[in-house]
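A short write-up of the structure that comes next.
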Number of protein chains: 4
Amino acid sequence: MSGSPRHLGRPRLQEQAIPTKVRILQTATKLFIEQGYKNASMDEVALRTNVTKATVYYYYKTKAELFTAAIVGLMKIIRENSVAILSTDETFENRLHKLVTVFSHATVNVDINNFIKEATPSLNEEQLLIIQHSEEEMHDAVEACFAREMEKGVLPLNNTKFITHIFLSVLNMTKYRDSNGQGFFPTPEQTTTEIIRFFWKGIQPSTND
Amino acid sequence: MSGSPRHLGRPRLQEQAIPTKVRILQTATKLFIEQGYKNASMDEVALRTNVTKATVYYYYKTKAELFTAAIVGLMKIIRENSVAILSTDETFENRLHKLVTVFSHATVNVDINNFIKEATPSLNEEQLLIIQHSEEEMHDAVEACFAREMEKGVLPLNNTKFITHIFLSVLNMTKYRDSNGQGFFPTPEQTTTEIIRFFWKGIQPSTND
Amino acid sequence: MSGSPRHLGRPRLQEQAIPTKVRILQTATKLFIEQGYKNASMDEVALRTNVTKATVYYYYKTKAELFTAAIVGLMKIIRENSVAILSTDETFENRLHKLVTVFSHATVNVDINNFIKEATPSLNEEQLLIIQHSEEEMHDAVEACFAREMEKGVLPLNNTKFITHIFLSVLNMTKYRDSNGQGFFPTPEQTTTEIIRFFWKGIQPSTND
Amino acid sequence: MSGSPRHLGRPRLQEQAIPTKVRILQTATKLFIEQGYKNASMDEVALRTNVTKATVYYYYKTKAELFTAAIVGLMKIIRENSVAILSTDETFENRLHKLVTVFSHATVNVDINNFIKEATPSLNEEQLLIIQHSEEEMHDAVEACFAREMEKGVLPLNNTKFITHIFLSVLNMTKYRDSNGQGFFPTPEQTTTEIIRFFWKGIQPSTND
DNA sequence: TATGAATGAGGATTCATTCAT
DNA sequence: GATGAATGAATCCTCATTCAT
């Protein structure tokens, strides 16, 4: 904001190779995830992208619009990653395992529903629809993978939407840390394993209960 | 500003029976849950409590402090309710079922972690600790119930903290509605049943893995 | 805004006797008249009133609302002044003369229609109605005075609304100054006289047309 | 931003026949009249002219300069039209009638003084002079017509500047509409007739007063 | 206990303007 | 002749917070 820090020194190649609009979106996405909608300010988006606020507004007319774009991008990444991983020809359990591992390392792991909820009062009808749409698309893609396994008999027949949601819900648990920074189990790998095991057992049909 | 916003004449008995400080806390709790930390304003807390903003500040020095009190109260309620329900002498499954039912009807059902996260940057060290403490207390209480069942052999031995978290996490799923307002299953009862089934099967030990 | 100039020295009695809300309105009215809606800034309203911007917003929720209040106040003053002058028992011509004289000395003399037009895109439905209403009220009051004279036979029967508008329109001419600061006639009194003469002759019925 | 807002393919002949600089001026003039100086944005001038903002700045260095050009053009049009109409050899009253009719149909009919006033704080010394000059030129031309009639004895001897101003002032009244969209008289023609009659009677010398 | 009045600090948004290409 | 990208400087508005009474 003050004393333009922009032109000092040579910009890192990596940074400048990416178009400004994309860089803004990346920064914003990160900020929104870290801080939520309200806590993240357009000022900081600009600052961290090394542009002025006006530049941010040049590309995104409002904060709500920038947020919408961020969510859509996020959903796309999640969808593509998930589908990519789930479409390999390893055993289904292995694929799930890999997916959980990837997610547990990703920045991406917020309870998306929640910060969408926080932003909701600031979004207009159209933005809400766009976000809902992109969210459903992501869910549908993951759901389709599950559905395929059910058809193949690998997975018991089930309400796919339900188990998709459960899956994405337990996925979030990999991020848990208590006040001492400890997860549920000594190593992340163990946590992942236990989550998968829990999920896997959970979705089995009730045979003898 | 002008023209007293408070009702003229005699206040409703119900309203006045409750001390102002408590009424403020109740309003605030509801507002925070509905709108999150940032979206909820001290102005609206005051307005809805039928007092002035200055009165709110008379009882709670800062918004962060009010929030802290709200969370602590919330945790207490959740803890007491959970323990009460889990301590009856029905079968464990029935008790879980009842618990899920109660939660799915409660306003209380937000992903608490998330709005705590949203408030975090506004809280000071001490407030953070208080909140963490009350959260853990709640968890511990529920955990203790699970642990008891494990000891009795009703529940397989397990990482109690882990399954407590899973339980509270899937609990949230009862609130799910798609864009058409539909839950996962035709009736809420079915959804509850399915969630319990998932959880119940999930915590069984892996016999043949 | 910076380095509060407020508390230095003793506030002038005159200034402090008037409630802040009124002082803000006075400043704003003057500013809007001098500079128009867009050119007048809330910052300057605050500055000139010796309060902070937030104080201005404490009393008036938006700039549009402040503007609306200013117009309404202005109309009231104009109406009251006009009616007061027009209701004395001098000859009608003398009363008109006095009215024109008063107006030509008043700050009040802008083409009101025009700065209302400038503000219009910023006003909401309700504010527009309020303004229209207060404008009509003013016109109606002046109109009523003209109508009374017509009934008394002092003034020829005529479309009162029409002549009221003409009157208010030519009233504005008293303010004319060319690039050298000269009005139409050597002295303001002469200009006033000529305007009245024009108006007076204009409203006479066409005898020989 | 992205996705050319201009029409693809071959531009309409009509559009391209006119040089860009002129098209910009036309758009700007219309916009300034419709919305006033501040409300009209360079962005919209560009948008409506189907060029980019940078193109507008290529032809006009600042908004104030564009405004100045618009006013000068406007004055020229008004002057030429007025003179053309006033120079025919019909009776003077008929010519005035025609003039009023033309003006009442023109978009051009704003109280020019007022939006000049609105723009004033944004204009520099030179621009102010240019505008004043072109305004005076227009007035002088109309004044000259009036003066000629006075010499011919058609019009009573009078302060020509004064009656020119009065004339242009009452001209504006043709545009009046109340909140129901009604003018002063049932038809525009009647209104025009009444305005002329008023003006005509108004400027007669006081013979018997 | 409770409040009306006032404020400081920030945050979103707009817009005329510049400049390298 | 024309443009896309970027910016500086306002400007409106919000909100938690304070303080005298």
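Each chain gets a letter, A, B and so on, in the order the sequences are listed, and its residues count up from 1.
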Going by the angle between their ring planes, with limits at 30° and 60°, are F32(C) and Y37(C) parallel, tilted or perpendicular?
parallel
Evaluate the side-chain proximity of Y57(B) to M42(B): yes if any heavy-atom separation is below 4.5 Å, no if none is.
yes
Determine whether a donor-acceptor pair (one donor, one acceptor, N or O, separation below 3.5 Å) exists between the side chain of K53(A) and the base of dT13(E).
yes
Over all strands shown, is Y60(D) touching base, sugar-phosphate only, or nothing at heavy-atom distances under 4.0 angstrom?
nothing
Beyond-backbone contact of Q127(D) with S122(D), side-chain heavy atoms, under 4.5 angstrom:
no
Spacing between D43(C) atom CG and dG8(E) atom C1', to the nearest angstrom:
13 Å
Which is more 5' along DNA chain F, the nucleotide nearest A54(B) or the one nearest A54(A)? Just name the residue.
A54(A)
Test your reading of the model: is there a side-chain donor-acceptor pair from N39(A) to the backbone of E118(B), 3.5 Å cut-off?
yes
May I ask you to evaluate whether T20(C) reaches the phosphate of dA6(E), defined as a side-chain N or O under 4.0 Å from OP1 or OP2?
yes
Rounded to the nearest Å, what distance is computed from the CD atom of residue E44(A) to the P atom of nucleotide dA9(E)?
19 Å
Taking OH from Y58(A) and P from dG8(F), how many angstroms apart are they, rounded to a whole number?
16 Å
Within this structure, what is the CD-to-P distance between E65(B) and dA16(F), rounded to whole angstrom?
15 Å
Earlier contact from the 5' end, DNA chain E, for T55(B) and K63(A)
T55(B)
Side chain of T62(C), heavy atoms from C-beta onward: which of dT18(F), dC13(F), dT7(E) has the nearest atom to it?
dC13(F)
Heavy-atom side-chain proximity of T49(C) to V56(C) below 4.5 angstrom:
no
By the 4.0 Å heavy-atom rule, please label A40(C) as base, sugar-phosphate, or nothing.
sugar-phosphate
Quickly work out the K21(D) NZ to dG1(F) C1' distance and round it to whole Å.
13 Å
Using Watson-Crick or G-U wobble geometry with both distances below 3.5 Å, tell me the partner of dA20(E), or none.
dT3(F)
Looking at K61(D) and dT17(E), is any side-chain donor or acceptor paired with a base atom of the opposite kind under 3.5 Å?
no
Partner nucleotide, any strand, of dC13(F) [Watson-Crick/G-U, under 3.5 Å]:
dG10(E)
Between dA10(F) and S41(C), is there an OP1 or OP2 to side-chain N/O distance shorter than 4.0 Å?
no
M42(A) CE - dC13(F) P separation (whole Å)
18 Å
Can you tell me the distance, in whole Å, between the CG atom of L123(C) and the P atom of dC12(F)?
14 Å
Please report the distance, rounded to the nearest Å, between OH in Y59(D) and P in dA16(E).
20 Å
